[in-house]
Number of protein chains: 2
Amino acid sequence: MGSRRPTLEAVAARARVSRATVSRVVNGQSTVDPEIRDAVLRAVAELGYVPNSAARSLVTRQTDSIALVVSEPPTRVFSDDPLFSLVVRTVSSELELAGKQAVLMLASSPQAQARVEDYVSSGHVDGVMLLSMHGADPLPGAVARMDVPAVSYGRPAVELPHVDNDNVGGAEQAVRHLLDSGRRRIAAIAGPQDMTAAQDRLTGYRDALRASDRRSIVAVGDFTRASGATAMRHLLEDDPGLDAVFAANDLMAVGALQALRKAGRRVPDDVAVVGFDDIEAADFTDPPLTTIRHPVVEQATAMVRLVLTPPAERASDRVVLPTELIVRDSA
Amino acid sequence: MGSRRPTLEAVAARARVSRATVSRVVNGQSTVDPEIRDAVLRAVAELGYVPNSAARSLVTRQTDSIALVVSEPPTRVFSDDPLFSLVVRTVSSELELAGKQAVLMLASSPQAQARVEDYVSSGHVDGVMLLSMHGADPLPGAVARMDVPAVSYGRPAVELPHVDNDNVGGAEQAVRHLLDSGRRRIAAIAGPQDMTAAQDRLTGYRDALRASDRRSIVAVGDFTRASGATAMRHLLEDDPGLDAVFAANDLMAVGALQALRKAGRRVPDDVAVVGFDDIEAADFTDPPLTTIRHPVVEQATAMVRLVLTPPAERASDRVVLPTELIVRDSA
DNA sequence: GCCGACGCGGAGAGCGCTCCCATACTGGGG
DNA sequence: CCCCAGTATGGGAGCGCTCTCCGCGTCGGC
């Protein structure tokens with residue numbers, strides 16, 4: 001083992017051809033005589049030749065790997081884990097299909113961010129995918145300025161190609177469902193407003209209410225269950241007559257469910273509840289949660305496709321995927 | 001934008017020194033006159049120079065990245081997700097501390113495995129970490145044969161440096177706890193025997209029983225909840241007099257809990273139950289599950305340390321981390 | 001029968017970097 | 001005052017690969 005790996009040169013010598021010819025064979029060019037091609041292939045097999053990737057990418061200027069940058073502090077929100085896992089897995093296997101490799105980078109700390117920037121600008125990767133939800137995150141901006149294709153999972157705060165689910169439309173869907181079932185006084189528990197998803201969901205709620213000429217009543221949470229419960233209590237104090245609530249994510253909806261029960265309101269009889277995300281647990285709550293499902297796998301797939309498509313050939317720099325209303329018992 | 005990135009050469013020209021000197025400065029060698037060093041640094045900053053990693057690793061023969069190869073079919077076992085997520089995060093940030101990058105690779109299909117082998121042997125990475133639990137997995141064997149440091153998370157079926165938790169000891173701990181609390185007839189629900197962890201846990205169970213001269217009674221599950229319930233039913237049929245059960249993982253323990261309830265046995269009064277893993281849900285079962293916790297983060301950290309240490313300098317090729325008995329209400 | 005076209009293989013440059021080695025220059029001791 | 005050690009800098013080779021020429025040979029058409 002210790003010995004150096006065989007080079008193109010060695011293969012060429014063994015097959016009695018030139019380096020160029022071996023290169024042509026290895027890279028699958030058609031202009032090679034079948035007989036010579038076979039000889040080369042045999043030499044490759046005998047020597048166990050594998051091209052040196054550093055040498056190759058030095059001249060081709062591409063690396064066949066794409067970075068997936070996750071810029072959330074680890075396990076920040078518990079509900080992120082399944083999402084993280086699913087997105088990582090989808091991205092990775094989708095990339096594999098295209099003959100590319102996923103390089104996972106965490107960018108939780110400022111130093112880590114700097115490392116990411118260096119890594120990317122040193123030409124390690126052919127593209128960058130961002131998984132980052134906070135508006136204050138400096139990374140999307142930084143990445144957008146580098147001359148490497150970059151896309152984001154979810155709408156970033158800055159101008160950057162991205163694929164998002166239709167948060168506005170999903171929220172509208174939720175509220176319209178409430179409206180259609182005869183609810184009159186529909187409150188919202190909004191998410192942290194430094195996240196675009198939270199902003200968009202609030203916008204959807206407002207749009208839907210405005211369209212039907214109803215007043216909005218909003219409490220803001222931070223996407224955790226506890227904050228959902230607190231927000232629900234406030235909402236109940238402010239407007240005891242409310243008969244429905246739209247929570248910007250399921251975790252907060254679960255909190256709302258608990259607060260509602262504690263306040264003696266029946267769900268859905270007295271108050272209807274709709275969540276957002278369709279997390280695993282939504283099916284196990286009491287009552288099971290009506291919610292908005294968004295296509296995580298499709299979104300990840302679309303993101304991969306986007307980053308792999310040269311900007312010039314893209315139909316659009318922005319993909320928005322439809323959401324789906326999942327009706328269970330809570331509304 | 002658009003234009004080529006500046007090279008060492010450009011920096012040298014601007015700083016009016018030679019390439020070699022710039023290289024020395026960039027790589028932090030001490031033998032450079034402070035004045036010249038400053039001039040170089042200034043040129044670097046002005047030009048926004050970042051070293052080309054391909055060129056560098058072509059000559060240094062190292063890439064500063066390490067592969068993390070996950071060879072489970074995606075989301076096979078639901079309980080794997082948190083583990084996957086935690087290990088990935090730990091490995092990634094631990095590697096970052098050492099100035100290395102994590103390259104995540106999925107090797108679920110045979111083609112993907114082949115890709116991994118090519119990737120590794122083409123010199124893309126300086127080391128490989130394996131996350132694979134099945135004995136039938138051919139990858140550990142393949143990787144062990146290449147001249148790149150490889151380590152495994154969990155004991156692999158083949159000879160390969162690894163860091164594992166003490167599955168044998170943990171199972172012994174569990175059984176001993178049962179023994180100490182006066183249980184006389186202790187059954188086991190074993191995991192799939194093509195996984196080393198499952199083998200070891202069964203061994204621990206047997207060892208502990210043998211030490212106290214008791215007979216073992218074993219049903220085999222596949223680490224899922226449903227299989228735990230089924231196994232429990234069988235155990236109850238075979239030996240209605242049993243008063244304790246050790247399940248090789250928590251998911252199966254949860255299944256056992258359900259089967260026990262359905263059979264009218266009270267836990268822990270009639271039958272004591274101990275699980276393994278200490279998953280999130282172990283705290284929420286009824287009754288809360290007594291279980292064996294193993295140090296996931298420490299294990300991942302130790303694995304990183306192992307792969308980063310040249311074989312010659314290693315104290316040992318095998319690290320085994322202690323487990324901890326978490327006593328709740330089920331036993 | 002000659003010439004152009006075309007197909008295929010080879011030579012060689014060069015990608016951006018590191019590192020060995022030679023060279024210049026400094027200072028201290030004899 | 002000269003020489004030699006010691007130290008900082010430059011020159012240059014070469015890592016392994018791709019790709020652009022270039023040339024050779026063959027074939028077909030007029």
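Hydrogens, waters and symmetry mates are skipped; everything else that's a heavy atom, side chains included, is used. Just so we're on the same page: letters track the sequence lines, and every chain starts at 1.
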What nucleotide among [options] has an atom nearest to a side-chain atom of [X]?
| X | options | result |
| --- | --- | --- |
| A/Ile36 | C/dG9, D/dA13, C/dC15 | C/dG9 |
| B/Ala20 | D/dG10, D/dC17, C/dG16 | D/dG10 |
| A/Ala55 | D/dG16, C/dT18, D/dC19 | D/dG16 |

Nearest-Å distance for atom pair [atom1]/[atom2], residues [X] and [N]:
| X | N | atom1 | atom2 | result |
| --- | --- | --- | --- | --- |
| A/Asp33 | D/dG25 | CG | P | 16 Å |
| B/Asn52 | D/dC15 | CG | P | 18 Å |
| B/Tyr49 | C/dG16 | OH | P | 10 Å |
| B/Leu8 | D/dG11 | CG | P | 14 Å |
| B/Leu58 | D/dC17 | CG | P | 9 Å |
| B/Arg16 | D/dG10 | CZ | C1' | 16 Å |
| A/Gln62 | C/dC15 | CD | C1' | 14 Å |
| B/Arg61 | D/dG14 | CZ | C1' | 11 Å |

Under 4.0 Å from OP1 or OP2 of [N]: is there any side-chain N or O of [X] that close?
| X | N | value |
| --- | --- | --- |
| A/Ser18 | C/dA11 | no |
| B/Arg19 | C/dC19 | no |
| A/Ser23 | D/dC17 | no |

### Task
Find which nucleotide of DNA chain D each of A/Arg56 and B/Val59 is nearest to by heavy atoms, and output the residue with the more 5' nucleotide.
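Its nearest nucleotide lies further toward 5', so the answer is B/Val59.
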
#### Entry: Upstream residue (5' side of DNA chain D) when B/Val32 and A/Arg24 are each assigned their closest nucleotide
B/Val32

Would [X] and [Y] count as having a side-chain donor-acceptor pair, cut-off 3.5 Å?
| X | Y | result |
| --- | --- | --- |
| A/Tyr153 | A/Gln299 | yes |
| B/Thr21 | B/Ser18 | yes |
| B/Ser23 | B/Asn27 | yes |

Return the minimal non-hydrogen interatomic distance between [X] and [Y], and the atom names on each side.
| X | Y | value |
| --- | --- | --- |
| A/Tyr49 | A/Thr7 | CE1-C, 3.6 Å |
| B/Leu8 | B/Arg19 | CD1-O, 3.8 Å |
| B/Ser122 | A/Val50 | CB-CG1, 3.5 Å |
| B/Ala107 | B/Ala112 | CA-CB, 3.9 Å |

#### Entry: A/Leu139 CG to A/Met105 CE distance, which is reported to the nearest 0.5 Å
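Rounded to the nearest 0.5 Å, the CG-CE separation comes out at 9.5 Å.
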
### Task
Cation-pi check, A/Arg89 to B/Phe84: give yes when NZ or CZ is under 6.0 Å from the six-membered ring centre and within 45° of the ring axis, no otherwise.
yes

### Message
Angle between the two end axes of the helix from C/dG1-D/dC30 to C/dG30-D/dC1, five base pairs per end, rounded to 10 degrees?
### Response
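What I find for the helix from C/dG1-D/dC30 to C/dG30-D/dC1 is an axis angle of 60°.
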
Grab the N/O contacts between the protein and nucleotides 22-25 of chain C below 3.5 Å, and write none if there aren't any.
none

### Message
Assess the residue pair A/Ile66 and A/Val125 against the criterion (side-chain contact (heavy atoms from CB on, under 4.5 Å)); give the C-alpha distance rounded to whole Å, side-chain angles, the decisive distance to 0.1 Å, and a yes or no.
### Response
CA-CA 5 Å; A/Ile66 307 272; A/Val125 292; 5.6 Å; no

